Amino acid sequence: MQRRRLLQGAASLAFTAAALSRQKAHAGGGDDRPVPSSPPPLRPGSRIAAVAPGTWMEPGDGTLALLRQRCRDRGWTLLTPPELDGRWRWFSGRDPVRLQALRQAWLDPRVDALFYVGAGWGSARVLELGWRIPASPRWCIGFSDCSALLLAQLAAGSHGGIHGSLGGSSPQWQRLADLLEGLSVSPLQGRPQRPGIAEGPLVVSNLTIATSLIGTPWLPDLRGSVLVLEDTGEAPYRIDRQLTQWRSSGLLRGVAGIGLGRFSWARDDVLPGDFSMEEILLERLGDLGIPLISDLAVGHGAPNLALPLGRRARLDGATGLLELLPS
């Protein structure tokens, strides 16, 4: 047991070192001082910037009004820059405009957190345009298309990215707020699929978005990680295609354990004799020899419970439990 802990600790150190090395390579050197593992907890008076790095928000979308009230209830101030009202085709503005809004919010010392709103598509275009994420910690919350920014943040060595929805029920919001305020949260209960214990830093993402980052500098090293995946709108055969690419590229070698969130699709995408979604997920991931659980309340749909990227977690394949470890 002691040897297992030592090996897991070494894996975590390797994960962090690799991420920091990539960030230094992007920046051409830089500050060698230790980087804090997470941002300071939010407190009354904290300021949060809403940023739309992808698609524009639908007219009449009540997300911002709900967020503003929820932030006000906690003593936080939600900043809504004019760029949120922008629109260019299906994006919330041209790429340079979205990049400037993201950069300004990230680098503003008066801003304590970024809320990614809008989602849809377009976050990776901001990365492609040249945004280099600093290694300093920063609270950034989003999911779906914004997984690209969360993964790039982790790859840069910056902690504070949280995969989660900014809407939803009060309990869902409370869990996110607790994470932002440095409080403990309950474990997530999934369904056991393959037994075993895995411990390592969390990497959480939409599968399609993570697949689109293969071969780029924005996908973090997965070795030693507890990987949590979700997706929506993809038929089982397309999930099969993506996971086959992950297997063939070697991305899954060294992953400590896998948790599966919600996978949703159109029912008529499955014809008689086809694999069901559950069957293809287990067929593609069940033979890796690592702990595996499914049916986590993570991803598109309700509830979408928040999980922090880079935070050490423990996945129990026999009980289906995924819990965060003390930081």
Side-chain angles (χ1 to χ4, degrees), residues 4 8 11-12 141 143-144 147 150-151 154 161-165 168-169 171-176 178-179 184-211 222 224-234 236 239-240 242-243 246-247 251-252 254-265 275-327:
R4 175 180 290 179
Q8 288 165 341
S12 177
I141 298 86
F143 79 113
S144 192
S147 294
L150 299 178
L151 292 172
L154 187 60
I162 296 179
H163 182 281
S165 172
S169 67
Q172 178 175 291
W173 165 257
Q174 184 62 52
R175 177 185 175 88
L176 173 59
D178 286 345
L179 286 171
S184 61
V185 295
S186 300
L188 300 190
Q189 181 64 62
R191 185 150 60 98
Q193 296 293 353
R194 296 291 181 270
I197 302 294
E199 289 188 10
L202 273 173
V203 179
V204 191
S205 180
N206 175 271
L207 173 62
T208 297
I209 296 302
T211 302
L222 301 179
S225 70
V226 172
L227 177 64
V228 178
L229 297 171
E230 61 86 26
D231 217 317
T232 187
E234 299 291 346
I239 297 297
D240 176 20
Q242 293 185 60
L243 290 178
W246 281 58
R247 291 169 64 101
L251 277 178
L252 296 174
V255 170
I258 296 178
L260 299 173
R262 195 175 292 106
F263 283 75
S264 58
W265 69 100
F275 281 99
S276 68
M277 183 65 78
E278 181 181 22
E279 286 173 335
I280 203 61
L281 287 169
L282 298 183
E283 196 276 337
R284 291 282 74 190
L285 300 172
D287 65 348
L288 299 176
I290 58 177
L292 175 66
I293 64 177
S294 65
D295 294 351
L296 292 169
V298 174
H300 295 76
N304 180 13
L305 301 181
L307 287 173
L309 280 75
R311 176 82 174 268
R312 285 191 62 82
R314 184 177 189 267
L315 183 149
D316 189 331
T319 64
L321 208 63
L322 175 66
E323 59 181 326
L324 301 180
L325 298 176
S327 55

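For the numbers below, each heavy atom of this structure counts, side chains included, while hydrogens, waters and symmetry mates do not. We number each residue from 1, following the sequence as shown. The structure displayed is predicted, hence computed values, not measured ones.
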Judged by atom type as modelled, is there a donor-acceptor pair below 3.5 Å linking the side chain of Arg311 to the main-chain atoms of Leu325? yes
Salt-bridge test for Arg314 and Glu323: reply yes if a basic N is under 4.0 Å from a carboxylate O, no otherwise. yes
Going by heavy atoms in the side chains, are Val204 and Leu151 under 4.5 Å from each other? no
Show, in sequence, the C-alpha distance, side-chain angles and deciding distance for Leu321 and Leu188, and conclude whether the side chain to side chain contact (heavy atoms under 4.5 Å, CB included) test is met. CA-CA 6 Å; Leu321 208 63; Leu188 300 190; over 6 Å; no
From CG (Leu227) to CG (Leu285), nearest 0.5 Å: 8.5 Å
Beyond-backbone contact of Val203 with Val228, side-chain heavy atoms, under 4.5 angstrom: no
Does Ser186 offer a backbone N or O that forms a donor-acceptor pair with the side chain of Arg175 under 3.5 Å? yes
Is a donor on one side and an acceptor on the other found under 3.5 Å between the side chain of Arg194 and the backbone of Pro291? no
Output yes when a side-chain donor or acceptor of Asp231 lies under 3.5 Å from a complementary backbone atom of Thr208, and no otherwise. yes
Using side-chain heavy atoms (C-beta onward) and a distance below 4.5 Å, is Leu176 in contact with Ile141? yes
Got a second to check how far Phe263's CZ is from Thr232's OG1, nearest 0.5 Å? 10.0 Å
Would you say that Ile258 contacts Val255 through its side chain, given a criterion of any heavy-atom pair below 4.5 Å between the two side chains? yes
Verify whether the ring centers belonging to His300 and Phe143 lie closer than 6.0 Å. yes
Can Leu281 and Leu243 be said to form a side chain to side chain contact (heavy atoms under 4.5 Å, CB included), step by step? CA-CA 8 Å; Leu281 287 169; Leu243 290 178; 3.9 Å; yes
Does one side chain, of Asn206 or Glu230, offer a donor that lies under 3.5 Å from an acceptor on the other? yes
Check the pair Leu260 / Ile293 against side chain to side chain contact (heavy atoms under 4.5 Å, CB included), numbers first and verdict last. CA-CA 6 Å; Leu260 299 173; Ile293 64 177; over 6 Å; no
Any Lys/Arg nitrogen of Asp240 or Arg247 sitting under 4.0 Å from an Asp/Glu carboxylate oxygen of the other? no
Do Asp316 and Leu322 have side chains that get closer than 4.5 Å, going by heavy atoms? no
Any side-chain heavy atom of Ile162 within less than 4.5 Å of one from Leu309? no
Work out which heavy atom in Ser144 is nearest to a heavy atom in Ile209; give both atom names and the distance. O-CG1, 3.6 Å
I'd like to know if the side chain of Gln174 and the backbone of Pro171 have a donor-acceptor N/O pair within less than 3.5 Å. no
Just by distance, do the side chain of Ser169 and the backbone of Gln172 share a donor-acceptor pair under 3.5 Å? yes
Presence of salt bridge, Arg191 and Glu278, under 4.0 angstrom: yes
Below 4.5 Å, heavy atoms only, C-beta onward: do Leu229 and Trp246 meet side chain to side chain? yes
Just do the side chain to side chain contact (heavy atoms under 4.5 Å, CB included) check on Glu234 and Gln242 with the steps written out, would you? CA-CA 10 Å; Glu234 299 291 346; Gln242 293 185 60; 4.2 Å; yes
